[in-house]
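Step one of this worksheet: look at the structure below.
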Protein chains: 2
Amino acid sequence: MAGVSERQPPSGAAVLTGPLPERLLAVATRLFAEKGFEGTSVQEIVAAAGVTKGAMYHYFAAKDDLLYQIYHRLLMMQTGRLEQFADGQGTAEERLRAAAVDVIETSFLHLDELTVFFRSMHLLPKNKRRAIRAQRRRYHERFRSLVEEGQQAGIFRSDVPADIVTHFFFGAVHQVSTWYRAGGPLGAHTVSEYYVGLLLDGLRHTPS
Amino acid sequence: MAGVSERQPPSGAAVLTGPLPERLLAVATRLFAEKGFEGTSVQEIVAAAGVTKGAMYHYFAAKDDLLYQIYHRLLMMQTGRLEQFADGQGTAEERLRAAAVDVIETSFLHLDELTVFFRSMHLLPKNKRRAIRAQRRRYHERFRSLVEEGQQAGIFRSDVPADIVTHFFFGAVHQVSTWYRAGGPLGAHTVSEYYVGLLLDGLRHTPS
DNA sequence: GTGTCGATACCGACTGGACGGTATGCGCTC
DNA sequence: GAGCGCATACCGTCCAGTCGGTATCGACAC
């Protein structure tokens with residue numbers, strides 16, 4: 001992956017290092033995932049980050065700005081990657097498979113962000129919610145058009161609308177944060193392959 | 001007044017009729033779905049139900065009791081139906097298909113309850129959360145064993161664990177509340193059939 | 001059929017604390 | 001000496017839960 005640049009070095013717990021805005025977002029993500037957005041006070045966030053409220057309100061206009069930024073950044077990254085895979089080489093099935101595996105794997109890497117967003121997006125003020133919905137729409141549409149491409153090429157079944165397929169798959173993916181626990185018996189890559197296998201081939205045994 | 005009182009007539013908007021506990025749950029479900037659990041005050045709930053806080057705390061020990069009851073009742077119903085389908089007649093595939101269609105359709109009928117629960121379950125106190133998790137585990141296990149049955153009969157593929165299949169499918173189902181809107185172009189039954197078709201046969205075109 | 005008792009169903013004012021957000025100040029850098 | 005990056009103190013609001021009180025009703029006695 002050329003265009004996808006590496007982010008911060010893979011240090012274990014970067015809580016008291018680095019630029020403050022990122023530190024606050026990291027701490028807030030963890031706390032929101034643990035105790036919920038409304039169950040976490042601004043005071044707790046800044047205390048965990050080793051600063052005070054003045055610092056936070058210097059960088060973020062409101063508490064829900066944290067929530068917005070948390071998911072906005074993840075979504076931007078995933079959208080960029082999806083578009084790279086979708087616009088790449090290979091058949092529609094190959095590209096869809098690669099994109100689907102990638103979105104699951106990056107989702108596993110950011111389970112907290114996903115958890116927090118899908119629990120609390122309804123708490124965002126209207127304008128921010130609209131902004132996120134627009135970005136998600138763009139993401140959804142790109143995936144959907146990939147499915148449609150495969151349908152028109154005769155690779156995918158056409159009796160199920162591509163829109164439904166996309167909702168079906170992303171629904172399953174966005175819910176992994178409710179059951180998957182890192183450190184369990186299943187690795188992220190394993191689950192990704194299973195999920196994509198189910199998406200493409202379904203559950204029924206097809207004697208080849 | 002006899003002991004066995006009359007049930008409420010099937011009127012459309014039964015908000016100010018019927019037994020108070022059910023009335024409060026119905027009103028709370030609607031408000032929680034609209035404005036979130038934390039964004040809805042007890043005062044608003046009781047006002048919408050036409051009573052006062054004293055009445056609510058007469059029937060419910062705490063605000064989160066409402067949340068618990070809302071999903072508890074739905075889950076009990078769906079579990080009962082799942083077990084009926086699973087223990088019924090037919091091949092494993094036929095029974096799984098019928099059970100899967102049913103769970104989606106009942107989910108569409110109770111979208112508000114699903115929305116509220118999956119947004120706010122983390123706000124439940126520990127004991128109630130444990131209770132719900134136990135019930136959901138039972139539900140999950142019954143579906144999983146149905147998948148396993150089909151795997152052992154050679155009807156379903158065995159290279160994907162039944163546990164993963166169950167998570168995959170329920171994940172997709174539990175997320176419908178984030179995109180499906182009643183009154184849209186797609187009916188609940190249509191979507192149910194699409195989803196079950198995707199679960200069983202997957203996306204790939206299999207020339208028969 | 002009248003009076004008493006107890007229970008159920010509900011009312012509504014009040015409290016105590018928490019929480020998001022702000023106004024101001026202060027040190028350090030350039 | 002100006003402005004950035006934060007600290008500290010404070011405010012107004014809101015809200016879950018409480019608690020003493022009232023109304024209604026059935027059961028039972030006489």
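Below, chains carry the letters A, B, ... as their sequence lines are ordered, and counting in each starts from 1. Excluded from the calculations below are hydrogen atoms, water molecules and symmetry mates; all remaining heavy atoms, backbone and side chain alike, are included.
- Chain B approaches DNA chain C over the interval dA9(C) to dG12(C), counting the first and last nucleotide 5' to 3' with an atom under 4.0 Å from its heavy atoms.
- Residue pairs meeting the side chain to side chain donor-acceptor pair (under 3.5 Å) criterion with at least one member in residues 43-54 of chain A, sequence neighbours excluded: Lys35(A)-Glu44(A), Ser41(A)-Glu44(A).
- Relative ring orientation between His140(A) and His167(A) is described as tilted, the plane-to-plane angle lying within the 30° to 60° band.
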Protein-nucleotides 8-18 of chain D N/O pairs under 3.5 Å:
residue: dA16(D); atom: OP1; partner: Lys63(B); partner atom: NZ; Å: 3.1
residue: dA16(D); atom: OP2; partner: Val42(B); partner atom: N; Å: 2.9
residue: dA16(D); atom: N7; partner: Lys53(B); partner atom: NZ; Å: 3.1
residue: dG17(D); atom: OP2; partner: Tyr57(B); partner atom: OH; Å: 2.9
residue: dG17(D); atom: OP2; partner: Lys63(B); partner atom: N; Å: 2.9
residue: dG17(D); atom: N7; partner: Lys53(B); partner atom: NZ; Å: 2.7
residue: dG17(D); atom: O6; partner: Lys53(B); partner atom: NZ; Å: 2.5

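- Contacts of Ser177(A) classified as side chain to side chain donor-acceptor pair (under 3.5 Å), with partners at least two apart in sequence or in another chain: Thr115(A).
- The side chain to side chain donor-acceptor pair (under 3.5 Å) check on Arg142(A) picks up Asp87(A), Ser145(A), with sequence neighbours excluded.
- For Phe170(A), the ring pair (Phe, Tyr, Trp, His ring centres under 6.0 Å) test picks out Tyr139(A), Phe143(A), His174(A), with sequence neighbours left out.
- Taking the six-membered ring wherever Trp is involved, the centroid distance between the rings of Phe117(B) and Phe32(B) does not fall below 6.0 Å.
- Ion pairing between Lys128(A) and Asp64(A) holds under the 4.0 Å rule for side-chain N and carboxylate O.
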